[in-house]
Colleague: 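The structure is given below, and queries will be raised subsequently.
Numbers here are sequence positions counted from 1.
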Amino acid sequence: MRHGKYPLIIAFLLPPLALYVLFVISPYLQAFQISTTSWLGYSAKADPVGLANFRTMLHDDRVWNAIGNNAILLAVVPVLTIALGLFFATMLSMGGRSDRAGVSGVRGTAVYRLVYFFPQVLSVVIIALLWREIYHPNNGLLNGALRALGLPAPTWLGDPRTAFWCVLAVMVWSNVGFYVVLFGAAMSAIPRDIYEAVLLDGASRWVTLRRVTVPLLWDTVQVAWIYLAIAALDGFILVQQMTNGGPNFSSDVIGLRMYNTAFSENKFGYASAIGVVMFFLTLTVAVLALRAARRERIEHS
């Protein structure tokens with residue numbers, strides 16, 4: 001510190017910054033360069049092809065199918081997850097009997113939050129394998145329950161009509177618990193006298209949620225939407241472990257399409273081009289969400 005604070009700051013920042021550039025920024029830049037070649041991944045030869053990989057992608061039905069599935073995930077997963085997270089968090093925070101402050105949570109709130117949060121402590125691979133067994137057509141828990149009720153037992157992950165939606169349901173299930181805890185923590189920071197005043201005016205719990213709780217949590221909801229949108233544009237591990245994009249590419253997503261193109265078809269140049277497109281799609285979604293949030297804050301200010 002005798003030489004000033006700036007040399008000390010630089011001395012502590014340069015090593016991690018250099019590691020970040022080496023192991024994060026550099027691979028991104030290499031992917032941009034590889035996307036303009038015909039590199040097969042295991043050879044020293046990588047002929048430059050310009051934008052040919054991107055032109056091929058425009059006419060690749062499998063890529064467009066994967067992008068379409070990601071678009072459905074982007075439209076459905078954040079909405080369902082946030083809606084369920086808000087609902088359960090509201091029940092835990094406001095679902096009990098009214099007290100002197102106006103609202104109270106249900107009994108055993110801490111236990112319920114622990115149960116909801118439990119999927120977050122599991123690896124995504126474990127979640128995928130667990131649900132693959134639950135969906136098993138012969139020995140699965142779900143079909144076992146349906147047979148016990150005398151109902152037909154479909155092949156959930158083996159039917160093109162249901163495989164994608166089964167994966168989507170697992171994606172929602174695995175994320176809801178985190179947002180229950182997040183929204184619950186945000187609700188606990190809302191002054192209780194606001195709820196007391198609203199309930200004294202005769203507002204129902206539904207009106208209180210819609211007109212008071214959600215507006216006060218809107219910044220948290222927007223952050224949740226950004227994270228869920230980025231997760232919906234990925235979905236690689238769940239899809240690979242549960243269906244591997246099948247049957248008949250019905251549950252394929254862009255991340256899995258990139259992986260299979262590289263490691264199954266040995267087209268690393270083309271796979272890098274898919275990765276570049278995926279990068280810009282994710283960046284666009286994040287920027288649009290941030291700009292929408294900023295515009296809304298300006299309008300409310």
Colleague: Could you check whether atom CZ of Arg211 has more than 12 heavy atoms from other residues, nucleotides or ligands sitting under 6.0 Å from it?
Modeller: no
Colleague: Where do Val239 and Gly245 come nearest, in terms of heavy atoms and distance?
Modeller: CG1-N, 3.7 Å
Colleague: Contact between Tyr112 and Met91 at the side-chain level, heavy atoms closer than 4.5 Å - yes or no?
Modeller: no
Colleague: Could you point out which residue of Leu73, Leu80, Val76 forms a side-chain contact (heavy atoms from CB on, under 4.5 Å) with Val172?
Modeller: Leu80
Colleague: Angle class for the Tyr28/Phe279 ring planes (parallel below 30°, perpendicular above 60°, tilted otherwise)?
Modeller: tilted
Colleague: Side-chain contact test, heavy atoms from C-beta onward, threshold under 4.5 Å: evaluate it for Ile274 versus Met57 and give yes or no.
Modeller: yes
Colleague: With a 3.5 Å distance limit and no angle check, can you tell me whether Gln222 reaches the backbone of Leu217 through a side-chain donor-acceptor pair?
Modeller: no
Colleague: Tell me whether the rings of Phe268 and Tyr42 are parallel (<30°), tilted (30 to 60°) or perpendicular (>60°).
Modeller: perpendicular
Colleague: Any donor and acceptor pair, going by atom type alone, linking the side chain of Asn139 with main-chain N or O of Glu133 inside 3.5 Å?
Modeller: no
Colleague: Mind telling me whether Phe280 and Phe32 have parallel, tilted or perpendicular rings, with 30° and 60° as the class edges?
Modeller: perpendicular
Colleague: With no hydrogens and no angle check, is any side-chain donor or acceptor of Thr36 less than 3.5 Å from a backbone partner on Val49?
Modeller: no
Colleague: Minimum heavy-atom separation for Asp252 and Arg62, please, with both atom names.
Modeller: OD2-O, 4.4 Å
Colleague: Please tell me if the side chains of Asp234 and Ile230 come closer than 4.5 Å, counting only heavy atoms from C-beta onward.
Modeller: no
Colleague: Please report the closest heavy-atom contact between Leu22 and Pro27, naming both atoms and the distance.
Modeller: O-CD, 3.6 Å
Colleague: Out of Phe183, Tyr179, Phe88, which residue meets the ring-ring contact (aromatic ring centres under 6.0 Å, His included) rule with Tyr116?
Modeller: Phe88
Colleague: Taking the side chain as everything from C-beta on, heavy atoms only, tell me whether Tyr227 gets closer than 4.5 Å to Leu182.
Modeller: no
Colleague: To check you understand the geometry: which heavy-atom pair defines the closest contact between Phe54 and Ala273, and what is its length?
Modeller: CE2-O, 3.7 Å
Colleague: Do Val276 and Asn53 have side chains that get closer than 4.5 Å, going by heavy atoms?
Modeller: no
